[in-house]
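Working notes, beginning with the structure itself.
Positions are given from 1, in the same order as the sequence printed here.
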Amino acid sequence: LEGKVQLQVELGITQADAIIFVVDAKTGLIASDEEVAEVLRSSNKPVVLAVNKVDSINQPGQTADFLRLGIGIPIAISAYHNLGIDDLMESVTALLPTTTGNPTQQADVKLSIIGRPNVGKSTLLNTLLGTERAIVHDAPGTTRDAIDVIINWNNKKISLIDTAGIKRHSKISSGIEFYSLIRTVQSINRGDIAMLLIDATEFITVNDLHIANYITEAGKSLVLIVNKWDLIPKAQQQQFKLYMDQRISFMAYVPILYISAKLKIKTSRVLATAYKVWEGRQILQSDSDVDMVIKQAFESHPPQRVGTKQLHIFKAHQDKTNPPTFVLEVNNPELSYTAYQRYLKKQLRSAFSFTGSPLNLIFIRFRNKKMRKLKESKA
C-alpha cells in the first residue's frame with residue numbers, strides 16, 4: 001500500500017503546475033522532509049515551502065531551520081487558524097503559467113463510480129483509464145476521497161469520479177469515514193450517471209439497494225454493474241441473473257452489466273452503456289406525443305375513484321428539466337395516487353424508453369374551470 005501511495009504522489013508531482021510543500025513547525029525539520037525535498041528538487045517543478053502550525057505571529061523563529069531544505073524562503077502559516085494563507089497563495093499564483101495551450105477541460109458527461117467498500121471501484125477506474133490512477137489494495141476503504149479524471153472516449157470528454165465505499169450507517173465509526181461518505185454523496189449529486197458496482201460473490205445486499213434508492217431519489221440515472229463475474233461458476237450464472245432481475249424488479253428500467261474489472265471482461269461495454277443512458281436522458285419528447293401517450297394510457301386504464309371523485313387528465317407535456325419530468329394538468333392533483341403514477345410511468349417508458357433514468361410526474365390543477373367541471377360532470 002505504501003508503494004502505491006508513493007506512486008500516486010509521483011504522478012501528482014508530474015501533473016502539477018506548481019507544488020506546495022507542507023512541513024510541520026511543531027515537529028521541526030525531520031529526515032522525511034529532506035527526502036521529499038530531494039524528490040521535489042529533481043522534479044524541476046516550482047515549489048512553495050509552507051511551514052504549518054505556526055499559530056502566532058510571535059513564532060517566526062520556527063521557520064528558520066527549514067531553510068536547510070534548499071526549497072526557498074519558508075512561509076509561515078496556520079491552516080487551522082487561517083493565518084498566512086493569503087501570503088502563501090500569492091506566492092503560488094506567481095509561479096503558475098500565465099497562459100495555457102489548452103483551456104480547462106469541461107466534461108460532456110459526468111459518471112460517478114459508486115458502491116460499498118472493496119467491490120472494485122478503483123480497479124474499474126484504472127481499467128477504463130488504461131493506467132493505475134487510483135490506489136487498489138486488498139484492504140477495504142483504501143479510497144477516502146473522490147478522484148476526478150477526464151478521459152476522451154469516442155470524441156467525447158467523460159469525467160470519471162471514483163468515490164469512497166459507502167458503508168451502512170451503523171458501521172461508520174470515524175470522522176474520516178463520515179466525511180468520505182459526505183464527499184461520495186456530493187459526487188452522486190454533481191454527476192449525471194451513477195454506476196453502482198456490486199460484488200457478484202455477495203449478490204446484491206440491502207446496503208446496495210439503499211444506495212440505488214438514494215441515487216434515484218437524487219434524480220440521477222443509474223447503471224448497475226455486477227463486478228467479479230469471473231468468480232461465479234458458469235453453471236450458476238443464468239440462475240444468478242434470474243434472481244437479480246427479481247431482486248430489482250422495482251427498477252427494471254436500469255441496465256445491468258456483468259463484468260470483471262480485474263480481468264477486463266466486458267469492461268468495454270461500461271462507457272458505451274453509460275453514454276447511451278445519458279443520451280436518453282437528454283431527449284425532449286414533443287408535447288403532442290407525450291399528451292397522446294398519457295391520454296391513451298388513461299383511456300385504456302382509468303384510475304380508481306377516491307371516494308366519489310376521480311382523477312381526470314386534460315393535458316400533458318415534458319418539462320425541460322432532468323431527470324425526465326412530465327407535467328400533467330388534472331382536475332385535482334390530490335387524486336393522483338402512487339399506484340396510478342407507477343402505471344403512467346410504465347406507459348411512458350414503453351413509448352419513449354428512458355433507459356436507466358428515473359421519471360418525475362408533476363400534477364398541477366388545470367386552469368380551464370369550465371372544461372374541468374364539464375369533464376367531472378360527465379364522469
Mark yes when over 12 heavy atoms from residues, nucleotides or ligands other than Gln282 sit less than 6.0 Å from its CD; otherwise mark no.
yes
Check the pair Thr205, Asp208 against side chain to side chain donor-acceptor pair (under 3.5 Å), reporting the backbone distance first and the verdict last.
CA-CA 5 Å; Thr205 68; Asp208 292 326; 3.1 Å; yes
Side-chain donor-acceptor pair present, Asp199, Thr201, cut-off under 3.5 Å
yes
Would the distance check show the side chain of Gln318 and the main-chain N or O of Gln285 forming a donor-acceptor pair, the cut-off being under 3.5 Å?
yes
Quick one: does Leu257's side chain get under 4.5 Å of Lys266's, heavy atoms only?
no
Decide side chain to side chain contact (heavy atoms under 4.5 Å, CB included) for Ile256 and Ile248; before the verdict, give the C-alpha distance in whole Å, the side-chain angles of both, and the deciding distance to 0.1 Å.
CA-CA 10 Å; Ile256 308 175; Ile248 67 163; 3.3 Å; yes
Do Tyr253 and Pro358 come close enough that some side-chain heavy atom pair is under 4.5 Å?
yes
Expected output: side-chain Thr325 to main-chain Pro323 donor-acceptor under 3.5 Å:
yes
Evaluate salt bridge (charged side-chain N to carboxylate O under 4.0 Å, His left out) for Asp24 paired with Lys53, printing each intermediate quantity in order.
CA-CA 6 Å; Asp24 189 332; Lys53 302 184 184 179; 3.0 Å; yes
Is any side-chain heavy atom of Val223 closer than 4.5 Å to one of Val254?
no
Does either side chain, that of Ser260 or that of Asp230, offer a donor lying less than 3.5 Å from an acceptor on the other one?
yes
Taking all non-hydrogen atoms of both residues, which atom of Thr308 and which atom of Arg305 are closest, and how far apart?
O-NH1, 3.2 Å
Given side chains that start at C-beta, do those of Asp55 and Lys26 come closer than 4.5 Å, heavy atoms only?
yes
Would the Phe326 and Phe354 ring centres measure less than 6.0 Å apart?
yes
Between Ser300 and Tyr343 the two heavy atoms that sit nearest each other are CB-OH, 4.1 Å
Show the numbers, then the answer: is there a side chain to side chain contact (heavy atoms under 4.5 Å, CB included) between Ile75 and Ile77?
CA-CA 6 Å; Ile75 298 176; Ile77 68 168; 4.1 Å; yes
Start with the C-alpha distance between Asp291 and Lys295, add both sets of side-chain angles, then the distance that settles salt bridge (charged side-chain N to carboxylate O under 4.0 Å, His left out), and finish with yes or no.
CA-CA 6 Å; Asp291 192 61; Lys295 287 181 177 177; 3.1 Å; yes
